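The structure appears below as structure tokens.
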Protein chains: 2
Amino acid sequence: MSDNTEFVKKLRSVGLRPTKQRLKICKILFDRKNTFHFTISDLQKIIKTKIEEKVSLATIYNTVHSFKKKGYLKEISINSDKSYYDTNITNHHHFLDEETNELLDLDDNDISNLKIKKTIPGKKIKSIEVLVKIANNN
Amino acid sequence: MSDNTEFVKKLRSVGLRPTKQRLKICKILFDRKNTFHFTISDLQKIIKTKIEEKVSLATIYNTVHSFKKKGYLKEISINSDKSYYDTNITNHHHFLDEETNELLDLDDNDISNLKIKKTIPGKKIKSIEVLVKIANNN
DNA sequence: AAGTATTTTATAATGATTCTAAAGTACTGT
DNA sequence: ACAGTACTTTAGAATCATTATAAAATACTT
């Protein structure tokens with residue numbers, strides 16, 4: 001450790017204080033090439049194994065919520081067991097493997113010209129989320 | 001009360017015993033013209049007001065689960081607060097009004113030729129669910 | 001009507017998430 | 001650097017939806 005400059009800036013840019021805990025979580029979540037899909041307990045496990053000092057569960061919740069509110073994370077609606085989060089904050093969709101419960105990103109381009117033909121007077125579309133459930137062939 | 005013959009048959013046809021509780025819930029859920037979107041607590045409130053005798057919460061859960069397993073109800077993934085159920089068991093999608101938290105059915109025809117262009121080897125698509133979040137214009 | 005399998009029920013248990021309020025840390029102005 | 005304030009972290013309690021438990025009630029079969 002530790003070149004945190006990038007993450008310090010990132011946090012500062014949206015008015016979050018760069019605390020030790022937020023920086024640790026930042027690194028775990030954003031210091032990677034690919035999209036990361038996780039639940040709070042996934043994150044907790046990773047923290048437990050990768051980090052020397054502990055971060056309390058309440059802080060993990062707080063931090064993830066802050067990141068979400070500031071637009072660093074997206075919450076995904078899959079089921080009601082627990083919340084899933086995604087480091088890919090662009091418009092996109094998901095495969096959900098029913099066998100493994102794993103998520104896989106699905107690009108906007110992977111879906112043919114999706115258009116909603118119905119409109120509701122006085123309402124506008126905020127987002128469109130496609131969830132494609134998949135399972136083993138056989 | 002009470003021409004339950006229809007519901008008795010319905011339950012019998014999938015091997016569910018037509019108990020008093022199941023018939024009551026059947027009537028509330030399926031004796032209506034339009035699709036019904038509800039949570040367990042919605043259902044509990046309706047039972048509390050419409051029915052003379054009480055039905056225990058555990059039974060409401062059990063019954064809804066049985067109906068779901070037998071294909072009379074569909075579970076909808078909206079958020080992680082609680083489970084939502086839908087009496088419309090055909091392939092269809094939803095508007096979710098972010099202001100009121102209300103659901104609205106979206107027919108397959110209301111969506112232009114939705115095609116998933118990506119495939120995963122060894123996996124097949126089980127279902128495709130589109131959730132369109134809407135909010136007030138302004 | 002008796003015997004067995006299912007169902008209902010109240011209540012306890014669980015698990016995810018939020019709340020609380022005290023202790024710790026970061027920032028501001030000097 | 002220092003004091004004062006505002007924000008964060010923390011452990012633990014509280015909450016809420018859901019599931020488990022096991023005894024009493026009901027439905028079905030013969």
Side-chain angles (χ1 to χ4, degrees), chain A residues 2 4-5 7-26 28 37-48 51-70 72-73 75-85 101, chain B residues 2 4-5 7-26 28 37-48 51-70 72-73 75-85 101:
Chain A
S2 56
N4 287 332
T5 353
F7 298 124
V8 171
K9 269 187 206 157
K10 194 169 175 172
L11 290 170
R12 281 248 159 72
S13 75
V14 292
L16 289 175
R17 288 186 178 173
T19 63
K20 219 169 28 172
Q21 292 83 348
R22 283 177 184 154
L23 285 168
K24 280 175 181 164
I25 295 177
C26 257
I28 291 173
H37 298 118
F38 65 95
T39 64
I40 295 290
S41 75
D42 293 337
L43 184 50
Q44 191 185 22
K45 271 177 215 135
I46 295 173
I47 290 171
K48 202 168 272 167
I51 305 258
E52 45 298 334
E53 300 146 74
K54 86 170 291 207
V55 177
S56 84
L57 185 57
T59 300
I60 300 177
Y61 272 101
N62 289 341
T63 303
V64 166
H65 285 162
S66 297
F67 287 171
K68 185 194 161 195
K69 194 179 337 178
K70 298 305 186 180
Y72 290 167
L73 291 175
E75 194 169 1
I76 318 173
S77 307
I78 308 180
N79 66 40
S80 326
D81 288 0
K82 47 176 81 168
S83 281
Y84 284 75
Y85 295 91
N101 238 4
Chain B
S2 55
N4 288 331
T5 352
F7 298 124
V8 171
K9 271 187 202 155
K10 192 169 177 174
L11 290 170
R12 281 247 159 74
S13 74
V14 293
L16 289 176
R17 288 185 178 174
T19 64
K20 217 169 30 170
Q21 292 81 348
R22 282 176 184 154
L23 286 169
K24 277 174 184 166
I25 295 178
C26 257
I28 291 172
H37 299 118
F38 65 95
T39 64
I40 295 291
S41 75
D42 292 338
L43 184 50
Q44 192 185 22
K45 271 177 217 138
I46 295 174
I47 290 172
K48 202 168 272 167
I51 305 258
E52 43 299 333
E53 299 146 75
K54 87 171 288 206
V55 176
S56 85
L57 185 57
T59 299
I60 300 177
Y61 272 101
N62 289 341
T63 303
V64 166
H65 285 161
S66 298
F67 287 171
K68 186 195 162 192
K69 193 181 334 175
K70 297 305 185 179
Y72 290 165
L73 291 175
E75 195 169 0
I76 318 173
S77 308
I78 309 182
N79 65 41
S80 326
D81 288 0
K82 48 177 80 169
S83 281
Y84 283 75
Y85 296 91
N101 238 2

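Since we're looking at a predicted model, the values are computed, not measured.
Using a 4.0 Å cut-off, some side-chain N or O of Q21(B) falls inside it from OP1 or OP2 of dT9(C). Taking side-chain N and O atoms only, Y61(B) has a distance below 4.0 Å to OP1 or OP2 of dT18(D). The phosphate of dT17(C) has neither OP1 nor OP2 within less than 4.0 Å of any side-chain N or O from H65(A).
Looking at the side chain of K82(B), the nearest of the listed nucleotides dT9(D), dA17(D), dT17(C) is dA17(D).
Judged purely by atom type and a 3.5 angstrom limit, T59(B) has no side-chain atom pairing as donor or acceptor with the backbone of V55(B). For the pair R22(B) (side chain) and R17(B) (backbone), a donor-acceptor distance under 3.5 Å is present.
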Taking only N/O atoms, report every protein-nucleotides 10-13 of chain C pair under 3.5 Å with atom names and distance.
none

Which atom pairs link the protein and nucleotides 24-30 of chain D when you take only N or O atoms and keep those under 3.5 Å?
| from | atom 1 | to | atom 2 | distance (Å) |
| --- | --- | --- | --- | --- |
| dC28(D) | OP1 | R12(B) | NH2 | 2.7 |

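With the nearest nucleotide of DNA chain C identified for both N62(B) and S83(A), N62(B) has the one nearer the 5' end.
Both cation-pi conditions hold for K10(B) and Y72(B): the charged atom is under 6.0 angstrom from the six-membered ring centre and inside a 45 degree cone around its axis.
Scanning all heavy atoms of the two residues, the minimum distance from L43(A) to I60(A) falls at CD2-CG2, 3.8 Å. Contact detail for L23(B) and N4(B): the closest heavy-atom pair is CD1-ND2, 4.1 Å.
Other residues, nucleotides and ligands contribute at most 12 non-hydrogen atoms within 6.0 Å of the NZ atom of K69(A).
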